[in-house]
Amino acid sequence: MPTKRVENPQEIYQIKVTLLGTSPPIWRRLLAPANLTLEQLHDVLQLAMGWQDCHMHDFRVGQKRFGKPDPNDRLMGLTAVGNERTVRLFSVLGKVGAKAVYTYDFGDGWEHGIAVEKVLPPEAGHAYPVCVDGKRHAPPEDCGGVPGFYNLLEAIGDPDHDQHNEMRDWLGDDFDPEAFSVDEVNRRLAPLHRRRSKAEGA
């Protein structure tokens, strides 16, 4: 008997997200439902990395761009952007090895490499999306991109640096570039579970 094709696959994608240009790399490993929209993935990435969602962003998959469409793009001769609200993960990253680049803050230019590592069945009783691993604290907002971040680390790590006190005052004493907690990321992601449950129950 032929099976009906499922329009919204229930698979879970294991995704590795790496902040490009960082060494040693800043990264997160996430389990995300295949039927998330790219807009929802944007929310997940913001929370997983610790960004504050106060700048523009887009996704690039091959030659295609997705984000928040702006009618002015066409007037300015720019390529139209696909609507992230209507594009789901399984339609653009639907296989192991699929890749994308997520750019946050076009000024600082934080580029995140996204790679699908595994396609898994959902586990009963588990809420998704969830973070399962990662390394290192993400850079602070508005620090000047990757070069600015490493200049910042140099300044706060050297008491004799001209900008040591200024950068310490700006960052606060509790910034630790090596700090990372799966539990903390999952606490931030928890409200998304409730939102998804409501949407699916509606």
Side-chain angles (χ1 to χ4, degrees), residues 12-33 36 38-59 89 93 99-118 120 123 126-196:
I12 301 299
Y13 290 175
Q14 179 176 301
I15 296 170
K16 186 172 183 183
V17 182
T18 305
L19 188 57
L20 301 179
T22 56
S23 179
I26 297 168
W27 60 274
R28 307 286 182 262
R29 181 166 285 120
L30 306 166
L31 300 180
L36 279 189
L38 291 183
E39 181 181 54
Q40 290 168 324
L41 180 62
H42 157 71
D43 293 337
V44 172
L45 296 175
Q46 287 286 309
L47 295 168
M49 296 302 295
W51 299 124
Q52 296 169 14
D53 199 8
C54 50
H55 296 284
M56 295 174 68
H57 68 275
D58 70 8
F59 292 89
L89 276 186
L93 295 171
K99 293 183 178 180
V101 174
Y102 166 72
T103 302
Y104 170 62
D105 184 352
F106 298 151
D108 278 3
W110 301 112
E111 292 192 329
H112 306 68
I114 298 172
V116 178
E117 296 182 315
K118 295 180 183 177
L120 306 165
E123 289 189 45
H126 283 246
Y128 300 99
V130 65
C131 180
V132 294
D133 202 1
K135 289 286 185 194
R136 296 172 197 90
H137 199 294
E141 297 266 359
D142 302 320
C143 70
V146 171
F149 176 52
Y150 285 112
N151 288 339
L152 174 69
L153 293 186
E154 186 181 334
I156 64 173
D158 178 3
D160 296 325
H161 194 284
D162 291 347
Q163 293 183 299
H164 178 79
N165 293 334
E166 178 188 343
M167 291 303 169
R168 269 283 170 213
D169 290 345
W170 181 59
L171 271 183
D173 291 330
D174 58 350
F175 180 80
D176 177 359
E178 293 299 315
F180 171 73
S181 165
V182 165
D183 291 341
E184 176 58 34
V185 172
N186 286 325
R187 273 194 291 274
R188 294 198 296 259
L189 290 172
L192 297 187
H193 303 160
R194 294 191 285 276
R195 217 180 299 164
R196 275 181 60 77

Student check: side-chain heavy atoms of Ile12 and Tyr128 closer than 4.5 Å: yes

Residue pair Ile26 / Met49, side-chain heavy-atom distance below 4.5 Å: yes

Contact summary for [X] and [Y], nearest pair of heavy atoms:
X	Y	answer
Ala32	Leu36	CB-CD1, 3.9 Å
Gly144	Pro147	O-CD, 4.0 Å
Ser23	Tyr150	N-OH, 2.7 Å
Leu189	Cys131	CD1-N, 3.9 Å
Leu93	Ala100	CD2-CB, 4.0 Å
Pro33	Leu89	O-CD1, 3.5 Å

Distance from [X] atom [atom1] to [Y] atom [atom2], nearest 0.5 Å?
X	Y	atom1	atom2	answer
Leu19	Leu45	CG	CG	11.0 Å
Asp169	Ile156	CG	CD1	12.0 Å
Asp105	Cys54	CG	SG	7.5 Å
Asp58	Leu38	CG	CG	10.5 Å
Asn165	Arg168	CG	CZ	10.0 Å
Lys16	Leu30	NZ	CG	11.5 Å

Short question: side chain of [X], backbone of [Y] - any donor-acceptor pair under 3.5 Å?
X	Y	answer
Gln14	Leu31	no
His193	Pro129	yes
Arg188	Leu47	yes
Asp108	Val146	no

Given Trp27, Phe180, Phe175, the one that forms ring pair (Phe, Tyr, Trp, His ring centres under 6.0 Å) with His137: Phe175

[X]: partners by ring-ring contact (aromatic ring centres under 6.0 Å, His included), with sequence neighbours left out:
X	result
Phe106	none
His161	none
His164	none
Phe59	Tyr102

Selection residues 132-149 - residue pairs positive for salt bridge (Lys or Arg N to Asp or Glu O under 4.0 Å), sequence neighbours left out: Arg29-Asp133, Arg136-Glu178

Contacts of type side chain to side chain contact (heavy atoms under 4.5 Å, CB included), residue Leu20, not counting sequence neighbours: Glu111

Parallel, tilted or perpendicular: rings of Trp51 and Tyr104 (30°, 60°): tilted

